Each structure stands twice: as C-alpha cells, then as structure tokens.
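Below: the structure, in structure tokens.
Counting convention: from 1, in listed order, for ligands and their atoms alike. Values in this document were obtained by computation on a predicted structure and should not be read as measured data.
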Amino acid sequence: MCGIVGYMGKKDAFPVLINGLKRLEYRGYDSSGIALYNGDLEIYKCKGKVQELENLTGGKIKSAKLGIGHTRWATHGEPNDVNAHPHISNNGDLVIVHNGIIENCDSLKQFLLDRNYTFKSDTDTEILINFIEYVQKEEKVTLDQAVRLALREVVGAYAIAVISKKEPDFMVSARLGSPLVLGLGSGEFFIGSDATPFIDLTKKVIYLEDGEMAIISTTGVSIRTIESDQPVDAVIHRLKMDLDSIEKGGYDHFMLKEIFEQPTSILNTIRGRLFENNAQIRMAGLDAISDKLEKANRILIIGCGTSWHAGLVGEYIIEDLSRIPVEVEYASEFRYRNPIIKSDDIVIAISQSGETADTLAAIKMAKAAGACVFGICNVVGSSIARESSAGAFTHAGPEIGVASTKAFTAQVTVLTMIALYLGRSNDNLSKSRFKEIAKEIKLIPKKIESMLELDDKVQSIAKLLNKSNNALFLGRGFNFPVALEGALKLKEISYIHAEGYPAAEMKHGPIALIDDNMPVIIVAPRGGMYEKIVSNIQEVKARKGAVISVTSYGESEVKALSDAVIEIPETLDCLTPLLTTIPLQLLSYHVAVQRECNVDQPRNLAKSVTVE
Ligand code: AGP
C-alpha cells in the first residue's frame, strides 16, 4: 500500500526523503514522488521505482529544509507520472501526499468543478488538496484549520501530510484508517506511514490515532482532534523494533502480518460497495457491463492456485444466490483444451498479481471469442486488470508473502458481492435475504479478529502435523474449496504433501490412505452439511486417523470425535469460507515455522507466475 514521508528540520530534506521512500519500498508501490520547499515548491514524481525518481531529479535539487514524499500503490487511477503523488492545488500553494481511499471523492470533485476547479489526475488525492485549498480560501484560515475543516467533510480512509508555500514553518498531517507515525528528533521532525523511513535518525515516536492531526512547526508538535480541535496529550514512545521487524509490522514474517491484516483488508474490500439498507451493491465494473450480465446464460471463472480456489467458492455462492450457471476452470487447462466460449458468456478472471501468464492468455482467448471479461485483481494497472473489459480491485493492499492469504479472503468477498448484485438484478435473491447476508458480511472482520486470538492454540496444534509426511483436508459444500486451499497452503510453505477432498469422496478411494500416520484436517462448521460431515469424521476415526477439526463454537459432537479442535464464530453457511480459512492459514504458517521452512519465499515458488 502507499507510503508517506515528511521532514522538517536542519538537514537537507532531499536525502532524508529519498532514503525514507527507499525504506518504504517493501510495502509495494508503482510510482513515487517528493515535494520540497526551498522558497518555492519543487515537485518531482514519476511512475516506477524510487531510483528512477532520484535519477529524475538528476542532482538539480536546491537545498530545502521542508518536504514530503510518497510511494503510491494505485487505488484510483492508473500508475503513471500524472497520478503519482504529491499533488498540488490549483493555486499552486498547497501540496499533499495521501495513503487511503476517499469514498466521497466524486461528490467533492463535482462540488469543485462547479467552482471552476480543474484536475490533471484521476486521483482522489488531487480532489482532497483542492478541497483544502477551497476551504482555506472560503474560511480565511491557516493551513492546519483548513485541513481540519476539510477532513470533517471527507468520508473514507486517509493518512496525509500537507505543506504550503505560504506557511513554510508548518507541516500538517492527519489520519483516519491508515497508519501515521511522527518522529521527534532534536530540532527536526519526521512523518512516516511507519517508522522505517527515520528509524536510524530518531527512536522517539508518536503514533497518531484515528481522528487526530499533528501540526508540526520548527518549535514543536501539537496534536489535536480533527472533529473538535481539542488538544491531545500524546504519548512519546521509544522504538525498540529494528528495521526488519518494522517492515513486517512487528510480525516474524510477511505472511503472518498479512493473515492478521484480514479484518482491515476485508473492510477495505467492501468499503463504498456494500449498502445493506437499500439492498445495493455499488461496483462501477459491474454497472459497466450490466446489460451483458442481464443476458448472461453462463459465468466462467478462471484462475490459478489460490485464485482458482476463490473461484470455486464463487461458483457455489453465485449459483446459490443468483441461479446463474457457473463453471470454474484452471486457466492453464482452459487456454489449451479448445473450450466452448459463447459471446454471451461472462468470464470472471481472478488474479492477485494481475500478471499470471496462464490467466492472461485465457482472458485474451475468451475476448477473441466475444466473451465479456470481468477481472478481479489486487494490483491496479496490472496486465490482467488492463486486459479485462471491466473489473473490481480487491483493495487488499500489497501481498508480499508468496503464499496468498488476505488476497484469497478479499477475492471471496468480491465474489460474494457479485453474487448479491446478480441475485438482486435477476430477482432470484430477495431483499430480505440480501440484507441478512450484507449485515453478516459487515460482522466478518470482527469475527476474524476474534479468531486471530486463537493463534497460540493453532501454534500448539501445528505440533501434531509438523512431523507428518502427508495430510488430508476435507470439507463439504462452501467449505470444499476451503479444504483445497488449506491443503495448498500447507504443501507450498511446509513441503508436506497435502490433498484437499470433498469429504464424501473419502469412500471412493482416499479412505484407503487412513491410518495413524495420516492426519486429517476437517472443515466442519455448523450449517447445511454438518450432520453428513460428522459421519465422515466417524469414518476417519474408525480407521485410527488423527482428526483436527475446524468447527463452530460449542459443537460437542465434532469435539468429542476430534484429537484437536479450532472453533470459529457462528455465521451464515455461504460466508463460512471467510472464517474457516483463517485457522488453516495459521496452521500452515506454524507448521512451516516449526519445520524451519522459508515461510515468505518457499523453495521453487514465485509470487507471480508470469511465465507458462
Ligand atoms: C497461492 O498461495 C500461490 N502462491 C499461488 O497458487 C497463486 O495463487 C497463483 O500463482 C495465482 O496467482 P495470481 O492470483 O497472482 O494470479
């Protein structure tokens, strides 16, 4: 996700900012930029790496003691020079860097257009800085008050830093929903999305809380509330973490950090899209192809690996809620088997990276056959996003660990919203059922949070597996794809051979594998298939298989049959994959750590398979 840095002090700001941006590269980005105040505002920004930004300045930087910088992870607008931050206001006085999403940017933009404001970029950030300019002019206030009053009208998530050439003794920052840290040096001050940009320059930090803003001046820092401009008695912390652990947010691995980010990433996935009260899904990509969706007789979902598993969950949910036939295909098979593709097919292509070669090739083939392609990607500006006729971004933020975790739950969340959209469009889903599901989706982040508290318990259960050579994952209904995904997680990071199966398939062969050396992980939440999966557990136990179950709180029958149980909160059957996946992610993570495997970069694997 985006990263911001800021500096005010005695040093030359340029090297501090550039080094700070390089420290933030681990967060993933597609462009970068800096703004310096040296009597005037100088802005340098470009698509690509920070090194390219440094080359762009070509040493023609005049000395400056104040500046802000940004690495951009595109959410609104393609990755290019124009959309890169910082953004400057129409009057040329104000510049901003921003991490987050302004949900009401369209209405703010129209408000400003009506007042003759112009825009160069497609970003929500440029709208925000012009709105701050507008407020400052209308209210005749200082920069800090203009920022505060403007943010009170903003809906969404932000961490910002703003400077003005008319008030060069101040730097204003604020946060709501995106992280922001202040560094306190001696006579110098730093801003960062985390402490990595300045950890070698000061260990004294203030963590801004949501709804707070910081007014930094050459004499000190004042923390105030955005809503009511009340002073905040901020706590100064002394950093103990080293650079490497800050990049991982204090977690031992990116994968664990990303597992724990899922309450936030799912909130960002549904942000501005799910409206329970009027039973509406707002997704521009779906509206853009609504005529094709109405005529769709079939939906083809294509993807690879974890994305294919998300597609399988999508098949179950979309057919259940919209009654439109869905087929799920491995992209690598689809592209070569001479499939039947009709011009009224809707093809949903799922890809976290947006660069998977097989998926990209399959999309091109489907488009050539006249099908409409809807891309679900996590990377704005990626090849698959650009190749798709329409699409929706998962907004899960950069996924660094090779094993996909938060991208999977974000993909399933987008597919669930698509199922709701389609079900309401063709009237196969009642308003009341829509509202019931939408209401429960909004509770999922909190329920995942409660499950993450089971991490220690899962870590001890992992000891039952870490010496195994094989494992079986079983699930039924919506949780059959979860069994496949759990098996993939375990095999790809711990190198234990694991297979996922529909639980009822055991009697058609795999049950021959069961003995006391074959651990079986069974996904058995309360719901439609519960009774049947209990009998599957009994079949395994009768053959001395060790059973680890993922079930709902209080399910005593499963508990009595299992050697270990991980309990999940109650939810609707169709939403259980969003919860049952979490313990399986944690389980594979801890088994891999206990086997001293390279969790974030497993052997033989790449984060994005851009070749066949
Ligand atoms: C997921 O844990 C794997 N690393 C892998 O299967 C991945 O899901 C697959 O390569 C597809 O990648 P994509 O989503 O970026 O297209």
Check the pair His98 / Thr123 against side chain to side chain contact (heavy atoms under 4.5 Å, CB included), numbers first and verdict last.
-> CA-CA 10 Å; His98 165 225; Thr123 66; over 6 Å; no
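If you take CD1 on Ile363 and CZ on Phe334, they are separated by 10.5 Å, rounding to the nearest 0.5 Å.
For residues 583-598, the side chain to side chain donor-acceptor pair (under 3.5 Å) pairs, not counting sequence neighbours, are His253-Tyr589, Gln262-Gln585, Asp455-His590, Asn466-Gln594.
Listed by chain and residue number, Leu360, Glu387 satisfy the side chain to side chain contact (heavy atoms under 4.5 Å, CB included) test with Lys364 (two or more places apart in sequence, or in another chain). With sequence neighbours excluded, the residues that form a side chain to side chain contact (heavy atoms under 4.5 Å, CB included) with Asp573 are Phe478, Thr576.
Taking the six-membered ring where tryptophan is involved, the planes of His85 and His70 are essentially parallel, since the angle between them stays under 30° and well short of 60°.
Protein residues with a heavy atom closer than 4.0 Å to ligand 1 are Cys304, Gly305, Thr306, Ser307, Ser351, Gln352, Ser353, Thr356, Val402, Ala403, Ser404, Leu488, Lys489, Glu492, Val609, listed by chain and number.
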